[in-house]
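Structure first, then comments.
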Amino acid sequence: MKENRFTPIEKIGRSGLLERITSRFNRHDEGLVYGIGDDAAVLDHQKKEGHLLLSSEIYNEGVDFDLVYTPPEHLGYKVVSMAVSDILAMNGTPEFIMMNLALTNKISVEMIESFYLGVEKACNDYNLKLVGGDLGAAQSAVSISVSVHGRAEK
């Protein structure tokens, strides 16, 4: 039987949590000069043509999802898919995402790792790169915002 673990985020700290998240994703790649791990991503789009597409979404616990019924991995995949759908609806190709999380103290390190496993799977399925975001605290409910950057032909 799988042991349920709950490591409070304060046990590894914000820096430790960021290291666990960023280690899953490439910091340098095609079109990406410098990605996840800093306050801003550096993108290189001089070689690409077409229109730039930007979209963002916000998801709030108790309104858009319920952690009692939604496994964190599924939630990670879902929020990426929903954000990407706006770029696809504009006949575009999503390229990069940024994700911001406001977390309560009921969220464990293991839950965040599971959430980002879902994010990673979605990024692989949509050929996306997670290039950054922010982590913050929330008092009573988790909030997630996702920004997507893409391209469409002129």
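Throughout, residue positions are numbered sequentially from 1 according to the sequence presented.
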Using the test side chain to side chain donor-acceptor pair (under 3.5 Å), find all partners of Ser145 that sit at least two apart in sequence or belong to another chain. Asn100

How many angstroms lie between atom CE of Met111 and atom CG of Leu103, to the nearest 0.5 angstrom? 9.5 Å

For Val63, the rest of its hydrophobic cluster, which grows through side-chain links under 4.5 angstrom: none

Quick check on the hydrophobic clustering: are Val109 and Ile144 connected, directly or via other members, by side-chain heavy-atom contacts under 4.5 Å? yes

Any side-chain heavy atom of Arg151 within less than 4.5 Å of one from Glu95? yes

Does any N or O in the side chain of Asp66 come within less than 3.5 Å of the main-chain N or O of Gly62, such that one atom is a donor and the other an acceptor? no

Test side chain to side chain contact (heavy atoms under 4.5 Å, CB included), reference Ile112, set Ile107, Leu135, Leu117, output is Ile107

Are the side chains of Leu75 and Leu67 in contact, using a 4.5 Å heavy-atom criterion? yes

Student check: side-chain heavy atoms of Asn60 and Phe65 closer than 4.5 Å: no

According to salt bridge (charged side-chain N to carboxylate O under 4.0 Å, His left out), does anything in residues 139-148 pair up with another residue at least two apart or in another chain? List the pairs. none

Run the side chain to side chain contact (heavy atoms under 4.5 Å, CB included) test against Ala138 and tell me which residues pass, sequence neighbours left out. Ala102, Thr104

Could you state the interatomic distance from CD (Glu110) to CZ (Arg5), rounded to the nearest 0.5 Å? 4.5 Å

Please identify each residue that fulfils side chain to side chain donor-acceptor pair (under 3.5 Å) with Glu61, with sequence neighbours left out. Lys106

Do Leu101 and Tyr59 share a hydrophobic cluster, counting only Ile, Leu, Val, Met, Phe, Trp and Tyr and linking them when any side-chain heavy atoms are less than 4.5 Å apart? yes

Assess the residue pair Ser147 and Leu54 against the criterion (side chain to side chain contact (heavy atoms under 4.5 Å, CB included)); give the C-alpha distance rounded to whole Å, side-chain angles, the decisive distance to 0.1 Å, and a yes or no. CA-CA 7 Å; Ser147 297; Leu54 300 171; over 6 Å; no

I want to check something: taking the side chain as every heavy atom from C-beta on, are Met98 and His149 in contact at a cut-off of under 4.5 Å? no

From CA spacing to verdict: side chain to side chain contact (heavy atoms under 4.5 Å, CB included), Tyr116, Met99: CA-CA 10 Å; Tyr116 275 98; Met99 186 165 303; 4.2 Å; yes

If every non-hydrogen atom of Gly92 is compared with every non-hydrogen atom of Leu53, which pair is closest and at what distance? CA-CD1, 3.7 Å

Show me the donor-acceptor pairs, under 3.5 Å and distance only, between side chains in residues 79-90 and residues at least two apart or in other chains.
{"from": "Ser81", "atom 1": "OG", "to": "Tyr77", "atom 2": "O", "distance (Å)": "3.0"}
{"from": "Ser81", "atom 1": "OG", "to": "Tyr126", "atom 2": "OH", "distance (Å)": "3.1"}
{"from": "Ser85", "atom 1": "OG", "to": "Met82", "atom 2": "O", "distance (Å)": "2.6"}
{"from": "Asp86", "atom 1": "OD2", "to": "Ser55", "atom 2": "OG", "distance (Å)": "3.0"}

Counting neighbours of CG on Asn124 that are heavy atoms of other residues, nucleotides or ligands and sit closer than 6.0 Å, is the number greater than 12? yes

